[in-house]
Amino acid sequence: MKQRLALGLALVGEPSILILDEPFNGLDPIVVEDMINLLKQLKEEGITIIISSHMIDDLLELVDVIDVMKNGSIIKEIYLKELVNTDIKKYLLSLMKEENR
């Protein structure tokens with residue numbers, strides 16, 4: 001309920017940019033699906049949404065661009081339309097493993 005309340009409060013002022021930190025953390029799958037649908041709708045309305053999350057699967061149907069960060073710096077910017085026939089999750093995991101070496 002706190003995640004829903006926080007999102008509702010963030011939308012009160014009709015922002016043009018919405019910044020979310022781990023918005024799906026601790027939510028059950030039905031609520032996650034509802035949240036994803038709401039974020040898709042907001043995206044269609046022209047709101048820019050920036051999400052910080054470790055939940056790759058939940059994000060893939062929402063995002064256009066993924067920035068992989070390490071120590072506060074972007075190490076790779078990935079445009080999903082450029083990775084049409086790629087297993088994106090596997091690609092991201094391999095990229096993160098490389099950067100941890």
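Residue numbers run from 1 in the order of the sequence given.
- Ile17 contributes atom CD1, which lies 5.5 Å from atom OG1 of Thr48 (distance to the nearest 0.5 angstrom).
- Atom-to-atom distance recorded for Leu7:CG and Asp34:CG is 11.5 Å, nearest 0.5 angstrom.
- When the shell of 6.0 Å around CD1 of Ile30 is examined, it contains 12 or fewer heavy atoms from other residues, nucleotides or ligands.
- Taking 4.5 Å as the limit, some side-chain heavy atom of Phe24 sits within range of a side-chain heavy atom of Leu39.
- Residues passing the side chain to side chain contact (heavy atoms under 4.5 Å, CB included) test with Glu44: none are found, sequence neighbours excluded.
- To the nearest 0.5 Å, the span separating OG on Ser73 from CG on Asp67 amounts to 11.5 Å.
- A 4.5 Å side-chain heavy-atom check between Leu59 and Ile66 finds every atom pair outside the cut-off.
- Looking only at side-chain heavy atoms (C-beta outward), Leu20 and Ser52 stay at 4.5 Å or farther from each other.
- In this structure, CG in Asp21 is found 8.5 Å from OG in Ser53, a value given to the nearest 0.5 Å.
- Side-chain contact between Met35 and Leu27: present, with at least one pair of heavy atoms (C-beta onward) separated by less than 4.5 Å.
- Residues Val65 and Ile19 fall into different hydrophobic clusters, defined by Ile, Leu, Val, Met, Phe, Trp and Tyr side chains chained together at heavy-atom separations under 4.5 Å.
- Residues Ile47 and Ile50 do not share a hydrophobic cluster, defined by chaining ILVMFWY side chains whose heavy atoms lie under 4.5 Å apart.
- If you take CG on Asn37 and CG on Leu42, they are separated by 11.0 Å, rounding to the nearest 0.5 Å.
- A chain of hydrophobic side-chain contacts below 4.5 Å, direct or via other Ile, Leu, Val, Met, Phe, Trp or Tyr residues, connects Leu60 to Leu38.
- In the displayed structure, Glu14 atom CD is contacted under 6.0 Å by at most 12 heavy atoms of other residues, nucleotides or ligands.
- Around atom NZ of Lys43, more than 12 heavy atoms belonging to other residues, nucleotides or ligands sit under 6.0 Å away.
- Residues Leu11 and Leu18 are in side-chain contact: their nearest non-hydrogen atoms beyond the backbone lie under 4.5 Å apart.
- Put simply, CD1 on Ile49 and NZ on Lys40 are 11.5 Å apart, with the number rounded to the nearest 0.5 Å.
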